Amino acid sequence: MIRSLRRYAALIAPLALLAGCSRSALPTEPTDGSAAGEASRPRQVLRYGNGSEPQDLDPQQVQGTPELHLIEALFEGLLAEDPKDCHPVPGLAKSWEVSPDGLVYTFHLRENIKWSDGVPITANDFLLSWKRMISPRFASEYAYLVYNFVKNAKDYYEGTITDFSQVGFEAPDERTLRVTLSGPTPFLLKIIANHYAWHAVPIHTILKYGALDERSTAWTRAGNMVSNGPFMLKEWLPQQRIVVVRNPNYWDAASVKLDEVDFYPTEDTAGEERMFRSGQIDITTDIPISKIAPYKRDHPEELHLEPFLGVYYYRCNVTIPPLNDKRVRKALAIAIDRDALIRDVTRGGQRPAYAVSYPGTAGYFPRAQITGTLDDARRLLADAGYPGGRGMPTIQFIYNTNDNHKQIGEAIQEMWRKNLGVNIELQNQEWKVYLDNQHTHNYQLQRAGWIADYEDPHVFLEIWETGNGNNDTLWSNADYDRLLHEALQAKDDAVRYEIYQKMDAILVDECPVIPIYYYTKTYLMSPRVKGYWPTLLDTHPFKYIYLDN
Amino acid sequence: MIRFVALRLLQTVPVIWVIITATFFMIRFVPGGPFTSERAVTPEIRRNLEAHYGMNRPLYRQYLDYGWSVMRGDLGPSFKYPTRTVNEIIAEKLPVSLELGLISLGIALGIGLPLGVLAAVNRNTWVDYVCSSFAMVGICVPTFVMGPLLILAFAIHLGWFNASGWYQPIDRVLPSTVLGMVYAAYVARLTRGGMLEVLSQDFIRTARAKGAGETRVILKHALRGGLTPVVSFLGPAIAGIVTGSFVIEKIFQIPGIGREFVNSAFNRDYTLVLGTVLLYAGFLIAMNLMADIALVWLNPKLKFE
């Protein structure tokens, strides 16, 4: 194939000569003057395939994964994360204390921390940033990660109180911050370290371009933007490239090894793989499933299949027969051959999921598992009144238009038909139509998944609370709801995790969702990239990354 | 002619209005909205978001407001890229698509016209078969096959080009070749057809009888009439080619307007959908008008009426 292509290439070669050119690599030379004094060392430029174009770079306004990676380079929170396992480590705060009742957190900021424009970072910056985050007019989509936990913050967000001083945020002095919570939140430090919702933003810059609570002003444009992380924004060409360069005012600038990170939008996975193969980028955000086997064979050193803190499942609308009967749901859950599915269909090294919680989330392993033989499944189905699947209406199954979901759906459809005599009908829907049907409960069975924002088992369990906006199964269990609240009051993690075990057991017994597999992050990375460890949250602090030239 | 153009321009006003209205309401009635996301937005947050974008007001008010702001030339802020306005996005992306489109158009005409003429003049000879086969291949091989194939050959194996991107002049070569080839194929076929029809007419025989050289007969007498189908095709084709090709832009990661046109609908980016539809409609109308003018010029039998 390739040989014949080469022959074909010779025919069209003059076209390229017409353009008068040889191959031009993307810029690896210095794009700013900062390297002038470091002539002895080759410039370290990481070229990063970053998925889709970011919506914005304001940490209080964005939501997606591409944005997450950019924010990671540009900002640092009170706490940062360990590059190997994401646990909280000191960031802009050098230390912190928690009151014995777990309700008051006190953070001590480092001395001499500055924004990238040299302006000192003070406790007041954090205070005003948090005020901005929970301002109703600002309407941040991640505001709940702050207002759900802090005293009076939800009332402030909903406008029932307008005096910000009543909210549980205080700055006793320039270097100290005190946060009072509405209830114990054992994973608060993880949220602060793993998520950007609690980051400070440069108030002095933001106010130059609009009011504190004004959405979407020009402050995040290149040239305007000021940040406080290891890198700062240099260039943002939409749909082309975002360039961040080393921030000399970062408190730990001495340990930052890369001079520059270039983020490339790579919406098309196949195109991204071609960019990687032609040497345009060092890391991809994904890899087409069909390419996994060839890379395994030819370039195993470039292929990465790593555990990723998320679970793929089928969601049941528990109000519509036959899925209103938990025996039917359980039978369906048992009758999926997850190992075969992963080996032959998903092929990305995923792990079979027999519970909703991700095993090994901050040391938590769910004990309850979906177990049973096909005979057990058939018995459950017979008990529910459908022996051998007879009399069971066809179940409508929806998925968003995507080949992978389709193939998984077809495999499971066949397993259920063969093992149980149950028929489902696959229906693909455009993404927003599919989401709309989910949120309006206009479906019977739906493929879905959940990816953690921070590493704590709470993430996978809280969403099944009655009425939670992400539940969407209409499933409700009073014991489950009570346990969720009990868990938050638990005196330590051992007690809390025992409560979670009970909750996982309820989920396995009732199966409002049918867990299928735990995600892996599949991507390509050049072996010259070092200091990049696999982490469950797929976050990789850029300050530790370097290139081995 | 001035009367003709003025009249046609006047007709575009209601056309544009109908397009805006239909698009505005159609996109609103599609399930899902700009804030529909996998992670449910809490009701409080949704309320505040809708208030920010004025979506808490009655639909007819939003429609009137939008119409008023369009009349002032303001297409509003994008929902998906909240820090950018639709005007800005179009101003940024349209030139890229224009550049890609014009280069491709040059390739299409530069290859398509000579091939078409050659094929017609040498009808039913091997020259004709070669040219027609080229046209068939160009039409049949989709861009999403040809694009990756060229990348594989020239970017990955030969290493002459970047696999994708739009950074340096050299990055224009592969995408415009792929896009140009498709249109070249159509142009060649249409030229061949048009030329064959004209070449069999009396005035060509007359020209030959009067002793005009074959080159002169073809280029001076036949080509003008032979181009008629090409010109009618080029009107809408140019509008399509310069407002961006979604597939090419996606394969080559080109920051053009074609991708926004399609993705805005997926994102339910109401204002960007309207903005790009308006742009495309405007182009289409303008190009059709120009094609009509050119046709009258090419064909003496037609008059501006």
Side-chain angles (χ1 to χ4, degrees), chain A residues 2 5-6 8-9 12 15-16 18-19 21-27 53 55-56 58 61 63 136-141 143-144 154 157-158 215-218 220-221 237-241 264-268 270-271 274-275 277-278 280 430-433 435-437 439 448 468-470 472, chain B residues 30-33 35-45 47-52 77 80-84 89 92-93 148-173 177 250-256 259-260 263 266-268:
Chain A
I2 284 159
L5 261 180
R6 286 227 168 111
Y8 180 59
I12 319 184
L15 260 180
L18 247 171
C21 45
S22 62
R23 185 214 161 98
S24 60
L26 289 168
E53 170 73 13
Q55 290 190 268
D56 191 5
D58 185 335
Q61 199 95 94
Q63 307 176 69
R137 199 167 85 97
F138 187 64
S140 169
E141 267 113 322
Y144 71 91
K154 192 158 187 192
Y157 186 79
E158 286 173 345
R215 271 178 78 91
S216 321
T217 64
T220 50
R221 301 280 175 106
L237 298 171
Q239 300 283 16
Q240 293 209 68
R241 179 168 60 207
Y264 291 95
T266 49
E267 253 167 38
D268 178 33
R274 291 192 292 266
M275 284 175 85
R277 211 156 18 127
S278 72
Q280 266 180 286
E430 186 262 348
W431 179 238
K432 295 248 177 180
V433 174
L435 288 178
D436 195 60
N437 283 331
H439 295 318
N468 183 298
N470 291 304
D472 285 333
Chain B
V30 172
F35 314 124
T36 308
S37 66
E38 194 166 18
R39 233 152 258 246
V41 179
T42 66
E44 321 64 268
I45 294 179
R47 255 198 313 281
N48 287 330
L49 275 172
E50 289 180 347
H52 175 79
K80 169 80 178 173
Y81 304 109
T83 61
R84 293 175 195 273
I89 292 176
E92 237 164 43
K93 308 277 165 78
L149 273 180
L150 292 190
I151 293 175
L152 196 66
F154 294 103
I156 295 177
H157 288 290
L158 295 173
W160 293 350
F161 304 100
N162 284 320
S164 66
W166 192 257
Y167 305 99
Q168 291 138 329
I170 185 178
D171 292 329
R172 276 65 172 165
V173 176
T177 305
K250 195 170 164 189
I251 293 173
F252 290 95
Q253 287 289 347
I254 296 169
R259 276 209 285 178
E260 302 300 336
N263 287 336
F266 287 133
N267 294 329
R268 306 289 190 274

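Reminder, nothing fancy here: chain letters follow the sequence lines and each chain counts from 1. Treat the numbers as computed from the prediction; the structure is a model and nothing was measured.
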Assert top hit (heavy-atom pairs under 4.5 Å, partner chain B, pool A:P265, A:A218, A:G271) equals A:P265

Side chain to side chain contact (heavy atoms under 4.5 Å, CB included) filter on B:E92, not counting sequence neighbours, yields A:P238, B:R84

Looking only at B:R47, B:R268, B:R259, most heavy-atom pairs under 4.5 Å shared with chain A are made by B:R268

Honestly, the part of B:N267 sitting under 4.5 Å from a heavy atom of chain A is backbone

Notebook entry, point to check: With distance as the sole test, does B:D171 use its side chain to make a donor-acceptor pair with the main-chain N or O of B:Q168 at under 3.5 Å?
Noted result: yes

Sub-3.5 Å donor-acceptor pair from the side chain of A:H439 to the main-chain atoms of B:S37, do we have one? yes

Checklist entry - Quick one: does A:R241's side chain have a donor or acceptor within less than 3.5 Å of a partner on A:Y264's backbone? => result no

Applying a strict 4.5 Å limit to non-hydrogen atoms, the region of A:T217 in contact with chain B is backbone

One option among B:P148, B:A51, B:P77 has the most heavy-atom pairs under 4.5 Å with chain A, and it is B:P148

Quiz item: Just checking, is any N or O donor in the side chain of B:T36 or A:D436 under 3.5 Å from an acceptor N or O on the other one?
Solution: no

So, the part of A:A143 with a heavy atom under 4.5 Å from chain B: the answer is both

The interface call for A:D268 against chain B, heavy-atom contacts under 4.5 Å, is both

Whatever's closer than 4.5 Å to a heavy atom in chain B on A:Q240 counts as both

Under 3.5 Å, side chain of A:R277 to main-chain N/O of B:I156, donor-acceptor pair present? no

Applying a strict 4.5 Å limit to non-hydrogen atoms, the region of B:I251 in contact with chain A is both

What class does the angle between the rings of B:W160 and B:F154 fall in, given that below 30° is parallel, 30 to 60° is tilted and above 60° is perpendicular?
tilted

So, the part of A:E267 with a heavy atom under 4.5 Å from chain B: the answer is both

